[in-house]
Every structure is written in C-alpha cells, then in structure tokens.
Amino acid sequence: MATYAIGDLQGCLDPLKSLLEKIAFDPAADTLWFVGDLVNRGPQSLEALRFVRDLGDTAITVLGNHDLFLLACAFTDRSPKPGDTLDAILNAPDRDELIDWLRNRPLIHHDSQLGWTLVHAGIPPDWDLDTALAQAKMAQKALRQSDPLPFFTAMFGENPAFWHEKLSKTLKIRYTINALTRMRYVTQDGQLDLKEKRPVEEVGDKMLPWFDYPRRASRNERIVFGHWSALGAARDRKKTWCIDQGCLWGRALTALHLDTRPATVIQVSCPCYRQLNVKPPSKQSST
C-alpha cells in the first residue's frame with residue numbers, strides 16, 4: 001500500500017496516465033492525493049475531471065482556484081476567460097454530476113496517521129492546523145448548501161489581507177479561499193499578497209513565501225501543496241513540499257511518495273500544452 005500526492009493537472013490527462021504507469025499504481029491498494037486544479041488551460045479538462053472522479057475512494061482531491069472558478073461559472077453568470085478550457089465541462093451531458101462531485105471536495109485534507117496535510121496553495125501564517133481545518137469546514141458548508149450563490153458572492157475579492165476572529169462570515173470565507181487556494185507570498189507582518197508572482201529571488205525582502213514566515217503557526221506540520229509552478233524543484237522547504245512542477249508549461253508532472261522517509265519524488269515529462277502569454281489554438285493534440 002502506498003500514498004502518492006500528485007501535482008496540478010490543469011486538464012493534462014495523458015501525463016497523469018504516464019505517471020500512474022511509472023509508479024505502478026494499484027487502485028486496489030494505493031491512494032492518490034490530488035493538490036487541486038484538476039481542470040483548466042490544458043487540453044483534456046473534461047477527461048481529466050471524469051478520470052479522477054471515477055477513481056472513487058482511491059483518490060482524495062482538494063479544491064484549487066481553477067476548480068473553484070469552474071464552479072463559479074456553473075452556478076453564477078461568470079464565464080470562462082479567453083484561453084480557458086472549461087466549456088467542454090460546462091456543456092457536457094454529465095455536467096451536473098461532475099459539478100456536484102467537484103463541489104463536494106474539501107479545501108484541505110489531513111491524515112493524522114500518515115502525518116501529512118494536503119492543500120492547494122498553503123496555510124496562512126496565523127493559522128495552526130486546527131484553525132485551518134475549522135475555517136475550511138465552514139467554507140465547504142457554504143459551498144455545499146442548496147443555494148451556493150452566497151458562497152460565490154463571498155469568494156471573489158482581494159480583502160481582507162489579515163485574519164481576525166471578528167471578521168464577518170462573508171469575509172472569513174473570502175480569506176479562507178484566498179489563503180488556501182491562491183496564496184504564495186505574505187508580507188513581513190503576515191499579510192496576504194495575492195498579486196506578486198515573480199520568482200523569490202526577484203521579490204526582495206518586503207515579502208516572504210508563506211512557508212518561510214518565521215512565526216508560522218503550522219511550522220511543525222508536513223504539508224504538500226501545488227499552485228506555484230515557478231517556485232522551483234520539488235523539495236523539502238521547512239516541512240512543506242510544492243509539487244506543482246509546471247506540467248502545463250511543458251515541464252513535469254510530479255508525484256510525491258508520502259510513505260517514504262524522506263518523501264520520494266517521481267516525475268514524468270510533459271508536452272508543452274501552453275506557452276506563457278500565448279493564447280492556445282482552438283484545438284490541441286494531447287500527444
């Protein structure tokens with residue numbers, strides 16, 4: 001039996017199949033943890049979503065920002081952006097089943113026996129694990145209610161940048177979504193910065209990667225996350241591992257074997273489905 005965490009798919013199904021073959025994945029014995037962003041921008045968003053859904057209890061998936069945007073397009077008047085690859089899902093005959101399955105995925109997953117936590121972007125500096133799990137549970141409940149429109153109304157926005165228990169429910173949900181699915185950098189006083197995307201060496205000392213915050217409350221937890229393909233090689237960074245290695249951009253799809261000590265990285269190379277600042281053609285080959 002083995003547990004593997006797998007980086008952002010973003011609609012790249014063929015590399016996933018190659019990776020599962022490389023690790024000799026056994027659905028009868030092994031478990032897969034997906035860090036979110038199953039869909040969007042890659043050529044097989046519909047197929048990737050169906051594939052992971054059909055894995056059943058063999059797969060644990062947390063929501064990423066692209067997954068949440070798909071849900072927003074399904075439940076509100078928002079539309080996919082140029083270059084998105086969500087229309088096939090939104091127009092699929094099994095759309096309702098796929099959307100319902102996706103919105104019932106968690107925002108964070110913790111396995112106390114394994115000693116690992118799975119999240120798309122990270123855990124903000126002020127939160128310990130219990131706080132992260134509690135706030136995620138509140139946001140998930142709002143997303144799963146019969147009318148999820150209040151959730152999506154709360155979800156979009158850059159503020160608040162700081163966490164406080166006295167925030168309104170709407171602002172707590174927004175902070176939770178931003179922190180768990182969009183965060184990369186924080187300021188020296190722990191404020192979320194959702195705009196900065198440059199490499200760490202270009203940012204200077206005004207901001208820190210969230211995992212480098214010196215008083216981070218979750219510093220004793222082992223955390224596996226995605227979302228940050230520009231961060232660099234998949235390696236141990238203060239008990240955190242970023243396994244988004246830019247499959248979409250022609251680099252690698254990564255699995256992290258969580259049962260080994262230290263955790264083991266397994267990768268397959270990926271075709272370059274997208275180039276930075278270049279709109280993809282209307283039809284793309286998956287080979």
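Along the sequence shown, the residues carry numbers beginning at 1.
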Inset, instruction - May I ask you to say whether D67 pairs ionically with R105, meaning some side-chain N is under 4.0 Å from a carboxylate O? - result: no
Legend entry - SB check R182 E158 (cutoff 4.0 Å): yes
Legend entry - Result of checking K239, R237, K238 against D212 for salt bridge (charged side-chain N to carboxylate O under 4.0 Å, His left out): K238
Inset, instruction - Using the six-membered ring of F69, assess whether NZ or CZ of K81 lies under 6.0 Å from its centre and within 45 degrees of the ring axis. - result: yes
Legend entry - Over 12 non-hydrogen atoms of neighbours within 6.0 angstrom of CD in E201: yes
Inset, instruction - Decide yes or no for M183 and N178: does some side-chain heavy atom of the first lie under 4.5 Å from some side-chain heavy atom of the second? - result: no
Legend entry - Non-hydrogen side-chain atoms of H66 and Q10 separated by less than 4.5 Å: yes
Inset, instruction - Indicate yes or no: at least one non-hydrogen side-chain atom of L167 is less than 4.5 angstrom from one of F162. - result: no
Inset, instruction - Under the side chain to side chain donor-acceptor pair (under 3.5 Å) rule, what do T117 and H110 come out as? Steps first, then yes or no, please. - result: CA-CA 4 Å; T117 300; H110 175 70; 2.8 Å; yes
Inset, instruction - Would you confirm whether W116, through its side chain, and L258, through its main-chain N or O, come within 3.5 Å as a donor-acceptor pair? - result: yes
Legend entry - Ion pair D126/R216, N-O distance below 4.0 Å: no
Inset, instruction - Please find out if less than 6.0 Å separates the ring center of W241 from that of F211. - result: no
Inset, instruction - Find out whether C73 and L90 are in side-chain contact, i.e. whether some heavy atom of one side chain is under 4.5 Å from a heavy atom of the other. - result: yes
Inset, instruction - Anything under 30° is parallel, anything over 60° is perpendicular, the rest tilted; go ahead and classify Y175 against W163. - result: tilted
Inset, instruction - Taking the side chain as every heavy atom from C-beta outward, state whether L20 and L32 have any pair of such atoms under 4.5 Å apart. - result: yes
Inset, instruction - Given side chain to side chain donor-acceptor pair (under 3.5 Å), test Q245 with T254 step by step and report yes or no. - result: CA-CA 7 Å; Q245 295 295 295; T254 299; 5.0 Å; no
Inset, instruction - Examine the side chains of T31 and T3 and answer whether a donor and an acceptor come within less than 3.5 Å of each other. - result: no
Legend entry - Path from F34 to I243 over hydrophobic side-chain contacts below 4.5 Å: no
Inset, instruction - Flag yes if more than 12 heavy atoms outside D147 fall under 6.0 Å of its CG atom; otherwise flag no. - result: yes
Legend entry - Non-hydrogen side-chain atoms of V119 and I223 separated by less than 4.5 Å: yes
Inset, instruction - Check whether NZ of the Lys or CZ of the Arg R78 lies under 6.0 Å from the centre of the six-membered ring of F156 and within 45 degrees of that ring's axis. - result: yes
Legend entry - NZ/NE/NH1/NH2 to OD/OE distance under 4.0 Å, R95 and E97: no
Legend entry - Polar side chain donor-acceptor pair, H227 to D37, under 3.5 angstrom: no
Legend entry - Residue pair F75 / L149, side-chain heavy-atom distance below 4.5 Å: no
